[in-house]
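This one's a predicted model, so the numbers in the text were calculated from it and none came from an experiment. In the text below, chain A, chain B and the rest are named by the order of the sequence lines, each starting its count at 1.
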Amino acid sequence: MQRKHKEKKMKPTRKDEYDYLMEQIPFPIPTSPFIKISELVKDFEIGEYIVRAVDNVELLIREHEYIAIIGESGAGKTTLLHLLAGLDKPTAGAIYLSHINIIPMDYETLATYRIFNVGLVFQNYNLISSLTAVENVMFPMQLCQIPLNECESKANELLEQVGLTARAEHLPFQLSAGEQQRVAIARALALDPPIILADEPTANLDKKNAEFIGELFERFQSEGKTIVVATHDEKLIKHAHRILVMAEGKIISDKQVTEISFRDNDGETDGIDEVSKSEEVKKIDEAL
Amino acid sequence: MSMNFAIKDIVHHRLESKSILRSNITILTLFFFYLNIVRSFNFLTMPPLINFLNFTLFELFTQFNQFLLILTGILAAAILIINNHAIIEARKKDIAIMKAIGTYPSHLYGFYLSEVLIICAISMIIAWILAFGGYLILYLIFSSLIGNLAWYPERGLSFLFMASLLLVIFMFNGWEIRKIGNLSYSETKAGPMKSKIHAILKPRLRNFLRRKSLSLNTAIRNLYRKKKKVRQTLVMITLASMILFTCFFGIFVINKTGSTYVTQAQGEYVLALGNDYVLEAYNQGYTTFSNSSVDPLSTGMFLNSEYNITEINTFLMETLTEYDIQAIDSRLFTAETIIEQPGVVLQALINETTGADYQEYALVGGEDTRLVAMQGVHFDEMVQDWYYEGALLNIQNGAVIGDTLAGEIYESALVQWISYSNIEANRTYRHKINAIVFDTFNRGNSAYFLLESLQETLGRPNFTNLILVDYSAIMMEDSLFDKDLFIETITNLLHSKMGEDFNVLDLYPTFQANEQAIFENTLTQIILSMFMTFIIGFNLYQFQRGRVNDDLKDNSILYALGAKEKFIQHTIFWELIFLISLGTLLAFIGAMYLIIIFLMDNSNMPSIWVPLGTGAGIFVFFSGLSWIIARRFHISAPNQNLMSN
Ligand SMILES: Nc1ncnc2c1ncn2[C@@H]1O[C@H](COP(=O)(O)OP(=O)(O)OP(=O)(O)O)[C@@H](O)[C@H]1O
Ligand SMILES: [Mg+2]
């Protein structure tokens, strides 16, 4: 007996939507520069008082670059990363991702931008409080309609990489800060995003784990990801190609690491001696 | 210092405080307003003298409104307690921190209890003023337009309610703060979840979820793990839908019961035959039911021998058989003052010293008097199809009385007696009461005796002054029946045999007016219910929005991970729908149970589709609200929510 099969209307997946968005761009996407930040300003108004968290930042980030942003507390690192992730609107300026300005995008488009481009690790982890560790890691994949089995195996694999297999079924509040941080890292990697933005990802980790995360990031970089980390941790800094120093919302130094010579034993953090400065950065340094 | 802190804290959390205040105030206003209005419509307690409808119907209306008022009171109390509890719950972490830095427990109580009580007291004051103002406005509108609303504002009950509620909240939250104070710091991290929760889903649920959409998945996991919140919301939704259900279903019951009573107590298509003087009085007796400005019957010359209509009987029967009507209802109708007579009941008592039980006869009832409509009838030939208590029998010495008479002056009518005097003969007679009927005649102030017995006691052998003819059967069966011709035929017969001042009166218009009165009362209830629906809907809406706001951070994280607004809206909607389904179902079962126990005693049940339809309506209403709540969720300032801890 023959049965007529109704043509089942397929709902467009997030991937389809993204592809569609990309098709709308009239020119071929060049690979470099990958991210361009120009004249970026972010003010927070608290009544009369205005905090300029990000102050006229100009920055070019090439593909496959591994950038560490350092700077004292309140320098604006987190704010800058959130702006890069499209979580907040700047007061002025533009952020180009492959020549597309993400600033005028609406919140919907930004969500799509994020899911295919950015893996985010928050300073305060921001795990979904009612989902377990593994569910948290699975979530971005599920958003992309990846089959459940794949999501599960990938999530477990990621949790295994960060050493949390045993805690997979626990809720965020039942995990220690460091464990939450590792879940957050695993979640950021879930969809294999080309860009990883990590805000102090090793702040609560012991030396061994921090080292491991550093190596993990290095490996990702070598696999072709672009990584921006705000950190004070030399274990992360030492893998970086480029080190930005922020103070009061400005980038006051931008050093390209050509040769790495850390003096691990004397504990001096600023062991980056032999660096070659880019032209612009030299100018900034002179001005200071 | 604690006052200072409390006020600072309220102002600091002003968004939350505002929404809690709004929710508290609306529900309290509803309660106080309803209290005032129900008293003014005289539907909260039985009036000393019924001047409208009759005793049973009044009792039904009163019970219904009391029931609603109690439910509203419970809802108001529940909302206030839950809301205030939410304040404490939200400060869990602050309380733990305070404790950690060495705050004395007594200070903790001072800080947070005063905060809760301040919010409560403010809500109560504002709500009382609003309710009173609303009542005043309504009163002015009513009394200028219709002119039948009594100024009867609430004095004691609302203050009693407020005081006891404050006390409950004080104790409940004090206990809660104590409990939180005993939690370890790590336990406070659990937030709305249990600190020892085992988060693994049961395999069955897990399998169920595998095939469902991600938003449904997220919603169910949320509900599954935040059980405490789910419980509170469920209480709210259940109570709210229970009130709405009682409101609307109760209206159906009351309307149905009312019109059934009227039909049974009066008969729909009835002709009254008699002298104009008697007919006028008889019609007046029925009109009093729906028109409070018509006086009840007073004594008159009903027993005048000129009004005797008995001799028409045989001629009338001849005519009526042509119309297939086999029986007539001949009566002796008059109005007299009756005297209540006490009766005896057997009481079971226990001897306090020996503990042995024994029985004792006790006298019940006094000797109140009232002017009532008296009728001598044959109980098996009456046009009425009475709804009654007791036994309707043709007993020589028995009497049947109307429900208002029984309810207002008798204590235990079915064991008592009724007596009246024949002034001409200077003799007094008394009859045992056999039954109480739900009567619309003369607002239920009526007494019925066996025709021959009344003829004898009043010294009027063979005297009847009223004949009732029920023509419903032909109305129903014969579509070609010409009512006017029928009435004309009988009128001609009366004129030729009895004289021009004997006539036929169609009681159908009076019946319609009485039915209309029931309908108008129902309409008042419907308007009140609409108002309640609006307030309760608004309140639930506020409450749910508050819940959505509580989850703002999680929702912002969903967004930060790349979920679209639509997705989050779906998640919110699923969560609400789940709670609403469960809540309305529980409310349906609970309300049906209570209605059957409290309201069904003397009432008629409509078909099963009415409660089901009402339940479905409430579900749709709440679902609509949820849809609006979900749709109104928008991502704004996600960054700010993500930065907070
Ligand atoms: N939502 C906000 N409202 C007001 N001011 C804010 C807000 N978020 C950040 N700021 C201010 O912006 C400045 C930069 O904050 P940001 O979090 O980016 O610093 P940071 O470099 O990440 O510091 P840390 O190393 O301590 O995390 C700070 O002075 C902070 O007070
Ligand atoms: Mg920061």
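- A 6.0 Å sphere centred on CD of A:Gln161 holds more than 12 heavy atoms belonging to other residues, nucleotides or ligands.
- In this structure, CD1 on B:Ile220 lies 12.5 Å from OG on A:Ser130, to the nearest 0.5 angstrom.
- More than 12 heavy-atom neighbours from other residues, nucleotides or ligands sit within 6.0 angstrom of NZ on A:Lys89.
- Neither the backbone nor the side chain of A:Thr79 comes within contact range of chain B, judged by heavy atoms closer than 4.5 Å.
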| field | side chain to side chain contact (heavy atoms under 4.5 Å, CB included) assessment of A:Glu135 paired with B:Leu201 | value | CA-CA 11 Å; A:Glu135 287 166 0; B:Leu201 301 177; 4.3 Å; yes
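- Only the side chain of A:Gln174 comes within less than 4.5 Å of a heavy atom of chain B; its backbone N, CA, C and O stay farther away.
- Classification of B:Arg225 and A:Glu169 as a salt-bridged pair fails, no side-chain N sitting under 4.0 Å from a carboxylate O.
- Here the two rings, on A:Phe139 and B:Phe567, have centers that are under 6.0 Å apart.
- Residue B:Arg221 holds its CZ atom at 11.0 Å from CD1 of A:Ile128, rounded to the nearest 0.5 Å.
- Interface remark: A:Leu131 contributes backbone and side-chain atoms alike to the contact with chain B (heavy atom separation under 4.5 Å).
- We find the OH-CG distance between B:Tyr559 and A:Leu110 to be 5.0 Å, quoted to the nearest 0.5 Å.
- More than 12 heavy atoms of other residues, nucleotides or ligands lie within 6.0 Å of CZ in A:Phe44, so this atom counts as buried by the packing criterion.
- Taking 4.5 Å as the heavy-atom cut-off, none of the residues of residues 622-634 of chain B approach chain A.
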| message | The test is side chain to side chain contact (heavy atoms under 4.5 Å, CB included); show your working for B:Lys553 and A:Asn126 and say whether it passes. | response | CA-CA 8 Å; B:Lys553 184 164 182 202; A:Asn126 278 345; 3.0 Å; yes
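- Of all heavy-atom pairs between A:Ala111 and B:Ala563, the closest is CB-O, 3.7 Å.
- Both the backbone and the side chain of B:Lys564 have a heavy atom closer than 4.5 Å to some heavy atom of chain A.
- The candidate with the highest count of non-hydrogen atom pairs below 4.5 Å against chain B, out of A:Ile115, A:Leu143, A:Leu127, is A:Leu143.
- The closest side-chain heavy-atom distance from A:Arg187 to B:Ile557 is below 4.5 Å.
- Enclosure of atom NZ in B:Lys228 by more than 12 non-hydrogen atoms of other residues, nucleotides or ligands within 6.0 angstrom is indicated.
- Between the CG atom in B:Leu214 and the CD atom in A:Gln145 there is a gap of 8.5 Å [rounded to 0.5 Å].
- Interface residue A:Tyr107: backbone and side-chain heavy atoms are both found under 4.5 Å from chain B.
- With rounding to the nearest 0.5 Å, the separation of CG in B:Leu561 from CZ in A:Arg114 is 8.0 Å.
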